[in-house]
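Structure first, commentary second.
These values consider heavy atoms only, across backbone and side chains, with no hydrogens, waters or symmetry-generated copies. Per chain, numbering begins at 1; letters A, B, ... match sequence-line order.
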There are 4 protein chains.
Amino acid sequence: MGTKERRAREKAARKEQVLQAAREVFAWKGFEGATVEEIAARAELSKGAVYLYFRSKEEIFLSMWRSTVDFFVEQAEQALNLTGGLVARFAALLDVYIGLLRLYPDFIEAILNWKHGDLKEKVSAETYEAVVVRCLHVHASLLKVLEDGMREGLFRRVDAPSFITMILGAFNGVLLMLKNPEHQKMALRSQDEVYSFMRDYFLTTLLVK
Amino acid sequence: MGTKERRAREKAARKEQVLQAAREVFAWKGFEGATVEEIAARAELSKGAVYLYFRSKEEIFLSMWRSTVDFFVEQAEQALNLTGGLVARFAALLDVYIGLLRLYPDFIEAILNWKHGDLKEKVSAETYEAVVVRCLHVHASLLKVLEDGMREGLFRRVDAPSFITMILGAFNGVLLMLKNPEHQKMALRSQDEVYSFMRDYFLTTLLVK
Amino acid sequence: MGTKERRAREKAARKEQVLQAAREVFAWKGFEGATVEEIAARAELSKGAVYLYFRSKEEIFLSMWRSTVDFFVEQAEQALNLTGGLVARFAALLDVYIGLLRLYPDFIEAILNWKHGDLKEKVSAETYEAVVVRCLHVHASLLKVLEDGMREGLFRRVDAPSFITMILGAFNGVLLMLKNPEHQKMALRSQDEVYSFMRDYFLTTLLVK
Amino acid sequence: MGTKERRAREKAARKEQVLQAAREVFAWKGFEGATVEEIAARAELSKGAVYLYFRSKEEIFLSMWRSTVDFFVEQAEQALNLTGGLVARFAALLDVYIGLLRLYPDFIEAILNWKHGDLKEKVSAETYEAVVVRCLHVHASLLKVLEDGMREGLFRRVDAPSFITMILGAFNGVLLMLKNPEHQKMALRSQDEVYSFMRDYFLTTLLVK
DNA sequence: TATGAATGAGGATTCATTCAT
DNA sequence: TATGAATGAATCCTCATTCAT
């Protein structure tokens with residue numbers, strides 16, 4: 001029935017509304033610093049209403065993480081479907097990740113900083129699994145391109161899993177360093193400059209001369 | 001006067017005592033999770049006494065950070081005084097940092113995760129400045145070796161500040177990724193394996209063939 | 001009009017439906033622990049619908065109490081109509097009450113445990129009065145049998161109102177004691193054993209030798 | 001040292017202060033209805049201070065229970081040490097219990113009504129055990145007198161554990177019935193009248209003619 | 001210098017009840 | 001009549017910091 005559909009649509013819209021508000025608040029304050037009260041206010045809802053859509057603060061956070069990874073995965077798929085060689089595709093993947101870091105730097109910082117106890121009781125298994133599956137997917141995609149490239153003799157032979165961990169860690173770590181106000185005062189290069197540098201460095205050094 | 005000296009010595013000892021305890025507690029629980037109560041208990045002091053030596057929880061934390069960087073700087077100096085070429089010295093610096101990550105992984109994680117508001121009121125300017133100065137020093141040391149190496153034609157020409165940020169960020173980022181329980185489930189390599197890989201990778205790719 | 005009747009019938013049916021669900025939920029969780037949400041779900045109705053039939057959670061509870069007493073009164077009437085002497089009838093009344101305690105132990109526990117503020121605003125006068133009237137009725141029935149028995153010289157002469165209060169209190173009190181988990185660990189006899197014992201004890205001691 | 005002793009004394013006094021306040025609040029509102037805030041206010045302390053002395057609301061409650069049973073046990077000992085026959089001693093025990101019901105009717109009502117989940121995390125094992133042990137002690141005392149009396153041929157032979165459960169249940173149950181405002185309107189006898197009646201009834205019927 | 005008792009603001013979560021549709 | 005989304009008051013507990021002794 002039309003009513004049911006509308007309800008479902010509205011429900012989804014409200015969830016999105018909360019998620020939108022949450023992304024901002026989490027980005028500003030981090031997970032610990034954010035309060036459900038503030039998220040609700042920002043979503044123009046009551047505190048109670050938020051709990052109609054999400055089981056807990058943790059579930060809100062994880063849902064956002066999920067949608068963020070979804071966003072990345074989607075763009076990554078496009079990058080992988082590019083015509084062009086493996087090198088171009090690998091570069092495209094890096095660019096997608098860099099784009100993500102540029103788009104949601106604060107929220108990704110919040111993710112990296114998130115510390116939590118047992119989520120079993122706080123978070124629906126579905127949301128949790130969704131995040132884990134998507135992250136695995138990202139790793140797998142990167143791994144595949146890398147190994148293909150090595151097999152074809154385009155890339156220098158390295159331990160692929162280590163290499164991927166290094167790359168992701170490097171981008172994340174730089175994000176964190178440069179976002180930290182204390183670090184900022186020491187930094188001699190802007191985030192963008194460092195990201196560009198890293199992109200070039202990893203690509204150049206990976207290619208067989 | 002002798003008394004004064006003794007007093008000063010005792011005060012320093014007490015501070016050290018608190019710092020020692022704090023390092024453990026912060027490492028286990030992170031900044032938010034740690035309580036002054038627990039730090040005091042572990043230092044075998046009363047809560048009130050802790051506040052005789054430190055203005056706030058934040059100041060304790062920052063003091064620890066300071067002493068950690070001190071520790072690094074000290075070892076770095078030794079590495080830099082090594083006879084041997086610039087390459088060996090650069091490698092030694094990396095090893096010192098890796099050693100630090102292995103020695104205090106949890107505490108460094110806590111540092112990386114630290115999110116704070118305005119420290120002006122919470123922290124004495126002296127402590128704050130000390131940390132910043134020391135961190136700058138570390139950067140400067142790395143920068144110098146790197147630039148010397150490039151000038152001598154040993155290292156490939158890269159943007160040194162970016163390179164340093166990348167390296168430090170990479171090690172930090174990998175630490176964080178691999179410590180995160182969610183990430184751990186995806187990780188295919190151990191922390192040590194990845195650190196070794198990174199050491200080799202950065203050294204190899206930096207050297208002029 | 002037929003429609004009106006049907007409406008009335010349906011309304012009664014719905015109320016019964018809610019009451020049925022409520023009895024289970026209150027029995028499991030007690031008054032405080034039960035939620036209107038759960039009652040509604042169990043009655044396959046929406047929360048809002050429940051409030052069409054009952055003014056408040058308290059009114060649901062009181063209605064259940066009323067229907068429980070109704071149930072008892074009905075059975076008590078049958079017991080009283082038994083041919084057989086006053087002794088048999090008194091015994092039958094006890095058995096009816098014991099039967100009730102066995103049938104709805106948890107719900108009766110919930111009734112006994114119910115603590116509430118002012119009901120005036122929460123409960124319709126009608127429901128409230130109904131419960132009081134019915135409870136009075138039960139008392140009156142017991143009282144009559146007892147007094148008749150004493151007049152006929154079958155029962156020992158005792159203060160009938162006190163005796164009745166004692167008996168009802170005793171059964172209720174034992175129910176409560178034996179349902180309490182802490183008490184259970186101390187109890188040496190099962191509920192049924194104690195009920196049987198009490199039935200015998202009261203009957204035996206009441207009878208003139 | 002004097003200071004230490006004073007501290008200990010003051011600590012005990014404060015605990016007692018909280019307990020005193022708590023007894024009143026719990027008596028008025030029951031366990032669920034009482035708030036820690038109100039208890040604290042009544043004890044002229046801050047909310048936080050209450051938690052210096054008690055781990056949780058549950059622990060406050062259980063501590064009160066404990067002290068109540070202590071009070072009873074103490075008086076029961078005196079009753080048992082009375083010269084006079086077993087009958088007098090049994091009567092004295094009943095009187096002690098009746099005295100308790102008269103002294104703390106509301107609080108004992110709160111105990112009887114207390115419903116709780118798992119206490120393991122909320123309550124110190126010591127407090128918990130203390131209550132259980134004391135309650136067992138009360139049961140054992142009653143049991144012993146009763147069995148002694150039966151052995152000596154003073155009391156009618158009955159199943160002692162059932163009898164005790166019945167008696168305690170009866171007094172508790174009557175307390176509950178007569179305290180309930182709804183029940184009160186139906187009651188034809190006062191609490192005291194019923195207690196007296198029960199005392200006589202149980203004693204009379206227990207004695208061998 | 002040291003103690004530890006006291007404070008009180010702060011926050012996640014629940015749930016009876018209302019109301020627009 | 002029926003729905004279920006929305007509300008918001010209510011409550012337990014934590015912990016950094018202060019202060020009388």
Problem set entry | Nearest-Å distance for atom pair CD/P, residues B/Glu121 and F/dA16 | 18 Å
For this session: Could you tell me whether C/Arg23 sits above the aromatic face of C/Phe107, with NZ or CZ closer than 6.0 angstrom to the six-membered ring centre and within 45 degrees of the axis?
Result: yes
For this session: In sequence, state the C-alpha distance, the side-chain angles, and the governing distance for C/Leu19 and C/Glu16, and then conclude on side-chain contact (heavy atoms from CB on, under 4.5 Å).
Result: CA-CA 5 Å; C/Leu19 249 28; C/Glu16 193 46 48; 4.2 Å; yes
Exercise. From D/Phe31 CZ over to D/Met64 CE, what is the distance, rounded to the nearest 0.5 angstrom?
Worked result: 12.0 Å
Problem set entry | Of B/Tyr53 and D/Ser46, the one whose closest DNA chain E nucleotide lies more 5' | B/Tyr53
Can you name the atoms? Protein N/O to nucleotides 15-19 of chain E N/O, anything below 3.5 Å, with the distance.
from   : atom 1 : to       : atom 2 : distance (Å)
E/dA16 : OP1    : C/Ala34  : O      : 3.3
E/dA16 : OP1    : C/Lys57  : NZ     : 3.0
E/dA16 : OP2    : C/Val36  : N      : 3.0
E/dT17 : OP1    : C/Lys122 : NZ     : 3.0
E/dT17 : OP2    : C/Tyr51  : OH     : 2.8
E/dT17 : OP2    : C/Lys57  : N      : 3.2
E/dT17 : O4     : C/Lys47  : NZ     : 3.1

Exercise. Would you call D/Lys115-C/Glu32 a salt bridge at under 4.0 Å N-O?
Worked result: no
Exercise. Tell me: CG of A/Leu45 to P of F/dG8, nearest whole Å?
Worked result: 11 Å
Exercise. Is atom CD of A/Glu44 surrounded by more than 12 heavy atoms (other residues, nucleotides or ligands) closer than 6.0 Å?
Worked result: no
Problem set entry | Length of the NZ-P vector between A/Lys11 and F/dT3, whole Å | 16 Å
Exercise. So D/Trp114 and D/Trp65, would you call those rings parallel, tilted or perpendicular, with 30° and 60° as cut-offs?
Worked result: perpendicular
For this session: With B/Thr127 as reference, evaluate B/Glu58, B/Arg55, B/Glu59 under the side-chain hydrogen bond (donor to acceptor under 3.5 Å, both in side chains) test and give the passing residue.
Result: B/Glu59
Seminar exercise, completed: To the nearest angstrom, the CD1-P distance between B/Ile60 and F/dC15 comes to 15 Å
Problem set entry | Distance, rounded to the nearest Å, where D/Glu44 contributes CD and E/dG8 contributes P | 14 Å
Problem set entry | SB check D/Glu126 D/Arg66 (cutoff 4.0 Å) | yes
Exercise. From the list F/dA5, F/dT7, E/dA6, which nucleotide is the closest neighbour of the side chain of A/Arg14?
Worked result: F/dA5
Exercise. Between F/dA6 atom P and A/Lys15 atom NZ, what is the distance in whole Å?
Worked result: 13 Å
Problem set entry | Watson-Crick and G-U pairing of DNA chain E, under 3.5 Å, as dot-bracket with | and [ ] | .||||||||||||||||||||
Exercise. Salt bridge between C/Arg6 and C/Glu10, side-chain N to carboxylate O under 4.0 Å?
Worked result: yes
Exercise. What integer distance in Å separates A/Phe54:CZ from F/dA5:C1'?
Worked result: 15 Å
Exercise. Taking CD from D/Glu10 and C1' from F/dA20, how many angstroms apart are they, rounded to a whole number?
Worked result: 11 Å
